[in-house]
Amino acid sequence: MNVKPTISPEERTDVHPKSFWRNRDFVLLWGGQTVSSLGSSISNVASALLVLALSHSPSQVAFITSVEALPFFFLTLPVGALVDQWNRKRVMFLCDLGRAVSLGSIAFAIVIGHLTLIQLYVVAVVEGSLATIYNIAALAGIPRVVPKKQLGQATSATYVSSNAVSLIGPPIGSFLFTVARAVPFFADALSYLASVASLLWMRTELQGKRDKSGRNVLHDLAINLVTGFTWMWKQPMLRFQALAGCIVSLALYPTTPLAIALVTQLHAPEASVGIIFTIGALGGLGGGLFGAWFQRKLPFGFIMISMFSLLALLFLGYLVAPNIIWLGIVIALISLVESIGSIANVTYRLALTPDDYQGRINSIHRFVGFGIGRPLGAALLGVLLVSSGVNSAVLVFSGMLAVFALATLLYKPVRTMARLD
């Protein structure tokens, strides 16, 4: 992959024009990720419906969701350390190609009539592994594409686009699944190829110059992990953010299997899941649009305390939602609150962390949030659905959020943290 190397926007002012949306390389990166997010939004709902069709069990949807998140636990820390040495753009390129092949394999198996639940578990592991590597490399590369003063806008733009495609992705996925089960997965495979093309057109390198001494790779890995943990441990807010991300991921990642269980309890059609997430995406879209404004205007501690308190209350809305419209409204409000809080979280972390630590610090946060929180949350939901039912599961998750809201209020470094400048 031959691309013309450049330096970061922090080092050369002509790389980024005054207008945020005239930053060519950011638009390419953001556009490619938006297209692939649309494909994922289409296939995610279709995958859940496919697992349900094969297993006839909402708990299986939760368990396979947990398996897809497991690679974050095993890969996040080593990849985060190594991605600070690797060519980040090449890593993202190869990950997107691999994900295109894995999603295409599902479509092919459906066409020939040999799809099994085992293959879906295998694809979940492959997809989760490549997504882990891609996300760490992409997030670490953002400060190379935009200046620090535009990180809030970049983070907000990503949230807006991901929630905007969620408006149309789920109903499209549900509709295409009813027409032909293979089509949603074929569409997702094509979306990853579009992301590959956007990476090829980018001019900016996503990392600065690195020391290429002949040290052993395992030695480098160990040194990078130790230095990353040591540096982050000295930052009280980054330590808090890692734990906060774990709680949010634990509660919100299994939203799809939770929604399917709630739909089943309401005796609504399975395809109505797409409608629920379309309504829910409106909240995330609003959070993405206004998240950067809240991050600039409100103290960081106030945002965090409010987020966890409101999430604990909103989760109880699942218990009283009488139909799929109200379920969608509850998800929309949860998405609104979570988006605003997460934009403040990510913006603060990216602005504080030096470029040569980005991969390591982001990987530590992803390890705690995605590697521990996501699989634990999905597995916990699956166990609760089998043992005590969906209502008990909602109460357990709401209670955890309430406890962390109180802990956040009592933690002085968060409570007294000023707004991020």
Side-chain angles (χ1 to χ4, degrees), residues 139 142-143 148-160 163 228-253 283-284 286-317 333-354 357-358 361-370 372-374 377 397-421:
L139 188 60
I142 288 178
K148 284 188 177 182
K149 64 182 180 181
Q150 292 182 343
L151 284 175
Q153 290 176 278
T155 305
S156 183
T158 302
Y159 270 83
V160 169
N163 285 283
F229 269 109
T230 301
W231 185 85
M232 195 195 83
W233 192 253
K234 298 176 182 178
Q235 315 297 325
M237 291 308 305
L238 291 181
R239 296 200 309 265
F240 162 79
Q241 287 178 309
L243 182 57
C246 180
I247 300 300
V248 170
S249 294
L250 189 152
L252 301 189
Y253 179 69
L289 287 171
F290 298 106
W293 182 89
F294 280 100
Q295 173 256 306
R296 291 193 304 269
K297 299 295 184 181
L298 297 177
F300 180 81
F302 179 81
I303 294 176
M304 292 297 101
I305 294 168
S306 299
M307 177 179 71
F308 284 107
S309 300
L310 290 172
L311 288 178
L313 291 173
L314 289 171
F315 248 72
L316 298 178
L333 294 173
I334 289 174
S335 298
L336 173 68
V337 172
E338 184 275 333
S339 295
I340 293 172
S342 294
I343 286 172
N345 254 332
V346 174
T347 301
Y348 181 90
R349 187 170 79 239
L350 291 178
L352 178 65
T353 307
Y357 278 87
Q358 286 287 350
I361 301 307
N362 288 326
S363 70
I364 293 171
H365 280 254
R366 291 297 174 95
F367 171 75
V368 176
F370 292 6
I372 297 176
R374 284 187 171 187
F397 281 98
S398 177
M400 287 189 296
L401 289 166
V403 169
F404 197 79
L406 179 60
T408 303
L409 178 63
L410 297 176
Y411 187 53
K412 186 176 180 180
V414 175
R415 191 176 67 250
T416 59
M417 179 67 187
R419 63 185 174 88
L420 182 63
D421 185 359

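Since this is a predicted model, take the numbers as computed values, not measurements.
- Looking at S249, its side chain does come within 3.5 Å of a backbone N or O of G369 through a donor-acceptor pair.
- Once rounded to the nearest 0.5 Å, the distance linking CZ of F302 with CZ of F294 reads 9.0 Å.
- At least one side-chain heavy atom of L252 sits less than 4.5 Å from a side-chain heavy atom of E338.
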*Do M307 and I340 pass the side-chain contact (heavy atoms from CB on, under 4.5 Å) test, and can you show the C-alpha distance, the side-chain angles, and the key distance before you say yes or no?*
CA-CA 8 Å; M307 177 179 71; I340 293 172; over 6 Å; no
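- Residues L336 and F290 form no side-chain contact, since every pair of their non-hydrogen atoms from C-beta on lies 4.5 Å or further apart.
- You'll find the side chain of L139 reaches within 4.5 Å of the side chain of V346, heavy atoms only.
- A side-chain donor-acceptor contact under 3.5 Å links R239 to the backbone of W233.
- Checked against side chain to side chain contact (heavy atoms under 4.5 Å, CB included), L401 has the following partners two or more places apart in sequence or in another chain: I247, A251, F308, L311, A312, F315.
- In this structure, I142 and A154 approach most closely via the heavy-atom pair CG2-CB, 4.4 Å.
- Nearest approach of I303 to Q295, heavy atoms of both residues: CD1-CA, 4.1 Å.
- Residue G288 comes nearest to S339 through the heavy atom pair N-CB, 4.1 Å, listed as atom of the first residue, atom of the second, then distance.
- With rounding to the nearest 0.5 angstrom, the CG atom of L289 is 8.5 Å from the CD1 atom of I343.
- The two residues I305 and S309 come nearest to each other via the heavy atoms O-OG, 2.9 Å.
- H365 places a side-chain N or O within 3.5 Å of a backbone atom of L238 that can act as its donor or acceptor partner.
- Note: Q241 CD to C246 SG = 14.0 Å, rounded to the nearest 0.5 Å.
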*Decide side-chain contact (heavy atoms from CB on, under 4.5 Å) for L250 and F397; before the verdict, give the C-alpha distance in whole Å, the side-chain angles of both, and the deciding distance to 0.1 Å.*
CA-CA 8 Å; L250 189 152; F397 281 98; 3.5 Å; yes
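- Using a 4.5 Å cut-off on side-chain heavy atoms (C-beta onward), R349 and I361 make contact.
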*Step by step, would you call N345 with M304 a side-chain contact (heavy atoms from CB on, under 4.5 Å)?*
CA-CA 9 Å; N345 254 332; M304 292 297 101; 3.8 Å; yes
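- Within a 6.0 Å sphere centred on OH of Y411, heavy atoms belonging to other residues, nucleotides or ligands number more than 12.
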